[in-house]
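What follows is a single structure, written as structure tokens, with notes after it.
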Amino acid sequence: MFALCDVNSFYTSVETVFRPDLWGKPVVVVSNNDGCIISRSAEAKALGIPMGAPLFKFSDFLRQHGVQVFSSNYALYADMSLRVMTILEEMAPKTEVYSIDEAWLFLQGMEKLVGWQEWGHEIRNRVQRETHLTLGVGIAPTMTLAKLANYAAKRWRKTDGVVVLTDPERQRKLMALANVSDVWGVGSRISKRLNAMGMKTVLDLANADTHLIRKKFSVVLERTVRELRGEPCLALEETPSARQQIVCSRSYGVKVTAKDEVRQSLCAFAERAAAKLREEGQFCRCVTVFFRTSGYDTGGEYCSRQGSMTCQVPTHDTRDIIKMALSVFEKIWLSGPRYAKAGIILGDFYHRGVAQPGLFDEIQPRANSEALMQVMDSLNQSRRGALWFAGQGIEKPWQMKREMLSPAYTTRFSDLPKVR
DNA sequence: TCTGGGGTCCTAGGACCC
DNA sequence: TCTGGGGTCCTAGGACCC
């Protein structure tokens, strides 16, 4: 049996944990650069505010209805996420953190110990008590069905946040009520095609011919069909597999045309990407650089520049990664367009010592690289941005907008809530 | 004026190998 | 006249997830 637990309206719920004055009021959280609405409280959803809507299109509406808006505060969300995950890990023999607000629990060996329904409520109550966040719990014999159960737990209030889907009859009943697009793994494109083939409900999909699904779509969707029928095809990732790429990219707070500023931003992204690489304990050979204009900018032609470079010896030294990034940048720079976004992608990962340095390689290992990186990382761990390369520049006019940022209540001393 | 960021997996097609 | 079969690796693009 699998359980999928996720926090309702995670970002907005976290924001209101420390703001009792906002309880019961409409609240939204917007994406980086204060771009799109990415989390809505129940009250905000009731006002009809759609997911993913650009903030500027709704700012009048939000003001009229007194909706509280917050910029994304990832320091806060990550810390609260950790608290929830720690509880979940204590409640099941095996867990997999699936995203910032959800986790899979593998319930092997618990069948005789607990009733699923009671256990679901127990875990929900505990998270509520210890974090003031509300969990949705879906329990079923396959991961896809557990996802569906979780969807039902959120959609129908009378479930009280916990749905157990062990009974095949109950599974079919629920599948007949849900749309194919509500299935995990079926996005907008595939659901449109399924609808055109006459499959509207989840039950239609579950009853579909697996050979046909494989032929017309892919093995991925075939697995989904089998999972809906109660045949497990997916399993928990017991040891989180090593990442295959690391991306660090941002939209600019303003459009950027100056070469220096794009270069500085890339330097900053390269630093962050390199730090992430070291957190993963990996080394990379390939560095990709990109920058592009906005697809919404009507002022000029859409322009997207991208290039990459592979070195012989895997590295995780920030200096090497900046050097490679900037050398690619010089090759692909194009003057004129108003750039809206840029980023760095690291790929082709190795563990330490896999490849030997070649005599003629352009990038040779640097003396004391390890020690220097360790000092940098430990300083930046205690305070993000404590130490950085001058290539980033100082003014940073390109930095993203976060004009409605809440305090980092749980991770910064100066932001600790005060109780009077 | 203002439209996010970070991932994964699969497939098809081309180049190349024996 | 007649020109195979089986495999790998890489890349781009498409789809999905949160």
Side-chain angles (χ1 to χ4, degrees), chain A residues 4-11 28-39 50-60 62 69-74 77-78 81 96-104 136 143-144 147 150-151 180-194 213-224 233-234 237 240-255 269 272-273 276-277 280 286 288 290 292-299 302 304 306 308 310 338 340-349 400-404:
Chain A
L4 179 72
C5 301
D6 75 345
V7 178
N8 296 349
S9 306
F10 182 60
Y11 295 168
V28 299
V29 172
V30 291
S31 63
N32 271 345
N33 216 30
D34 295 343
C36 298
I37 294 163
I38 55 169
S39 179
M51 180 70 173
L55 176 63
F56 75 92
K57 284 191 181 169
F58 278 83
S59 39
D60 286 344
L62 298 179
V69 182
F70 288 105
S71 301
S72 297
N73 184 344
Y74 288 101
Y77 309 151
S81 172
E96 179 194 335
V97 175
Y98 184 61
S99 75
I100 194 162
D101 77 324
E102 64 187 307
W104 292 101
M143 294 175 83
T144 306
K147 266 274 187 185
N150 177 279
Y151 161 82
V180 275
S181 59
D182 299 325
V183 174
W184 185 42
V186 177
S188 63
R189 299 297 180 91
I190 288 177
S191 62
K192 209 177 255 173
R193 284 175 62 196
L194 288 170
I213 293 292
R214 189 181 191 136
K215 221 178 106 192
K216 296 257 182 191
F217 297 87
S218 68
V219 293
V220 185
L221 194 62
E222 185 193 349
R223 278 199 286 259
T224 300
C233 304
L234 305 170
E237 296 216 6
S241 47
R243 222 176 276 297
Q244 298 181 33
Q245 60 174 32
I246 286 171
V247 181
C248 184
S249 73
R250 292 284 180 279
S251 293
Y252 294 136
V254 292
K255 298 285 183 281
F269 302 148
R272 183 71 198 115
K276 283 196 212 173
L277 185 66
E280 290 276 312
C286 182
T288 301
F290 71 87
R292 58 171 178 253
T293 57
S294 164
Y296 302 97
D297 194 342
T298 49
Y302 177 70
S304 172
Q306 177 163 343
S308 50
T310 302
R338 305 167 67 231
K341 179 176 179 170
I344 296 280
I345 305 168
L346 306 182
D348 201 1
F349 292 164
M400 68 178 175
K401 270 198 311 196
R402 291 210 287 180
E403 288 170 355
M404 296 151 291

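Convention: sequence-line order gives letters A, B, ...; per-chain numbering from 1.
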At under 4.0 Å between heavy atoms, what does [X] touch on the DNA or RNA strands: base, sugar-phosphate, or nothing?
| X | result |
| --- | --- |
| A:Ser294 | nothing |
| A:Val186 | sugar-phosphate |
| A:Lys255 | sugar-phosphate |
| A:Arg223 | sugar-phosphate |
| A:Glu102 | sugar-phosphate |
| A:Asp101 | sugar-phosphate |
| A:Val7 | nothing |
| A:Ile100 | nothing |
| A:Asn32 | sugar-phosphate |

Exercise. For B:dC18, which nucleotide is its Watson-Crick or G-U wobble mate, given both distances must be under 3.5 Å?
Worked result: C:dG5
Seminar exercise, completed: Per nearest nucleotide of DNA chain B, the residue lying toward the 5' end, A:Phe217 or A:Arg338, is A:Arg338
For this session: Map A:Met51 and A:Ile246 onto DNA chain B by nearest heavy atom, then report which one ends up closer to the 5' terminus.
Result: A:Met51
From [options], nucleotide with atom closest to [X] side chain:
| X | options | answer |
| --- | --- | --- |
| A:Val219 | B:dG6, B:dG5, B:dT11 | B:dT11 |
| A:Arg243 | B:dC10, C:dC18, B:dG7 | B:dG7 |
| A:Ser218 | B:dG4, B:dC10, B:dG7 | B:dC10 |
| A:Tyr98 | B:dT3, B:dG5, C:dC17 | C:dC17 |

Exercise. When you measure from the side chain of A:Arg338 to the backbone N and O of A:Asp297, does any donor-acceptor pair fall under 3.5 Å?
Worked result: no
Exercise. Backbone N or O of A:Tyr252 within a donor-acceptor pair of the A:Asn33 side chain at under 3.5 Å?
Worked result: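 Yes; at least one donor-acceptor contact below 3.5 Å.
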Length of the line joining [X]:[atom1] and [N]:[atom2], which is rounded to integer Å:
| X | N | atom1 | atom2 | answer |
| --- | --- | --- | --- | --- |
| A:Glu403 | B:dT1 | CD | P | 16 Å |
| A:Ile190 | B:dC10 | CD1 | C1' | 11 Å |
| A:Trp184 | C:dC18 | CH2 | P | 8 Å |
| A:Lys147 | C:dC16 | NZ | P | 15 Å |
| A:Tyr252 | B:dT1 | OH | C1' | 18 Å |
| A:Arg189 | C:dC17 | CZ | P | 13 Å |
| A:Arg402 | B:dG5 | CZ | C1' | 13 Å |
| A:Met143 | C:dC16 | CE | C1' | 15 Å |

For this session: Can you measure from OG (A:Ser31) to OH (A:Tyr11) and round to the nearest 0.5 angstrom?
Result: 10.0 Å
For this session: Could you grab the distance from atom CZ of A:Arg250 to atom CZ of A:Arg272, nearest 0.5 Å is fine?
Result: 8.5 Å
Any [X] side-chain nitrogen or oxygen under 4.0 Å from OP1 or OP2 of [N]:
| X | N | value |
| --- | --- | --- |
| A:Arg250 | B:dG6 | yes |
| A:Lys341 | B:dG5 | yes |
| A:Ser249 | B:dG6 | yes |
| A:Ser251 | B:dG5 | yes |

For this session: Give the minimum heavy-atom separation between A:Ser71 and A:Asp34, together with the two atoms involved.
Result: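 Heavy atoms of A:Ser71 and A:Asp34 come nearest at OG-OD1, 2.7 Å.
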Exercise. Do the ring planes of A:Trp104 and A:Tyr98 sit parallel (below 30°), tilted (30 to 60°) or perpendicular (above 60°)?
Worked result: perpendicular
Problem set entry | Donor + acceptor pair across side chains of A:Asn32, A:Ser72 (<3.5 Å) | no
